[in-house]
Structures are given as structure tokens and as C-alpha cells.
Amino acid sequence: MTLPTGTPWWVAIIIILAFGPPALGSKAMAAVPGWLGSYARRRREQTPEAKADLSLSAAWQRQDAEIKRLADAYDAVAEDYSELTARVDALDEKLTEMTRRFWSAIAYVRQLTAVIRRIDPDHNIPDPPDDLEAYL
């Protein structure tokens with residue numbers, strides 16, 4: 001194939017690159033470093049044959065199986081998290097109730113002690129337990 005007389009040299013280079021042996025989508029051009037090689041590799045990856053090879057590869061299947069395994073593990077963790085959240089909320093309610101009862105009992109003991117001392121100042125009131133002494 002010959003180009004018509006008077007064709008600029010740069011047009012000839014573009015035609016050779018686009019349609020000749022080092023065409024932009026060929027394996028040879030994909031091996032070239034730089035932006036031309038990058039463009040050739042991207043064009044080769046977008047072909048239906050390349051996509052089919054990618055989807056059928058063993059690495060793709062292993063990756064797909066790993067993603068499914070991780071999704072199942074995530075679902076199990078999410079379920080455990082909801083159960084743990086419910087348990088923590090229940091324990092928090094119990095702790096609040098026990099704290100409220102504790103302070104009510106301390107207030108009641110203080111009132112009884114004050115009444116006993118007011119009625120009979122000489123009455124022997126037993127010492128509180130060591131763990132309650134800081135509160136009374």
C-alpha cells in the first residue's frame with residue numbers, strides 16, 4: 001500500500017500506528033512503556049474477549065469466593081452486634097435500677113440513724129460495714 005504523493009509524514013505515522021503492525025490496540029504496542037502502551041493496554045482490556053477471560057480466570061473465581069465468604073462473615077458479625085447491643089442495653093437498665101435502689105437505701109439508713117440519735121442520743125448504733133462507711 002502506498003500513500004498518495006504529497007501526504008505529510010505525520011499522517012503516514014498516524015496511519016502506521018493506527019493500522020500497521022504496531023497498531024494502538026495490538027500486543028506489541030501494549031508492551032511499549034508510556035502513554036501509547038497504556039492506551040493499548042486499556043483498549044485490549046475493554047474487548048469482550050479480555051472481559052470473558054477475566055471472568056473465567058481462576059484468580060477471579062477465588063476472589064469471588066473470598067468476597068462471598070467475607071460477606072457471610074460480615075452478616076454474622078452484624079447479627080452478633082445487634083444481640084450484644086440488646087444485652088448491653090438490658091444490663092445498663094439493670095445497673096441504673098440497682099444504683100437508684102442503692103442510693104435510696106443509703107438515704108433511708110441515714111434517716112433512721114438521725115431519728116435514733118435524736119430520740120436516744122446514748123443508744124449504741126452499730127458501725128456500718130467497711131464498704132459502706134464512705135457513703136454514711
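Counting begins at 1 with the first residue of the sequence.
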Salt bridge (charged side-chain N to carboxylate O under 4.0 Å, His left out) contacts touching residues 65-81 (sequence neighbours left out): Asp64-Lys68, Glu66-Arg69
Contacts of type salt bridge (Lys or Arg N to Asp or Glu O under 4.0 Å), residue Lys94, not counting sequence neighbours: none
Listed once per pair and sorted, the side chain to side chain donor-acceptor pair (under 3.5 Å) pairs that draw on residues 99-120, sequence neighbours left out: Glu97-Arg100, Glu97-Arg101
Other ILVMFWY residues reachable from Ile119 by side-chain steps of under 4.5 Å: Val115
Side chain to side chain contact (heavy atoms under 4.5 Å, CB included) partners of Pro121, counting only residues at least two apart: none
Cluster check Leu112, Val109: I/L/V/M/F/W/Y, side chain < 4.5 angstrom: no
Atom pair CG/CG of Leu91 and Leu84 - distance to nearest 0.5 Å: 10.5 Å
Linked hydrophobic residues, Ile116 as query - side chain contacts closer than 4.5 Å: Ile125
Greater than 12 external heavy atoms within 6.0 Å of Asp130's CG: no
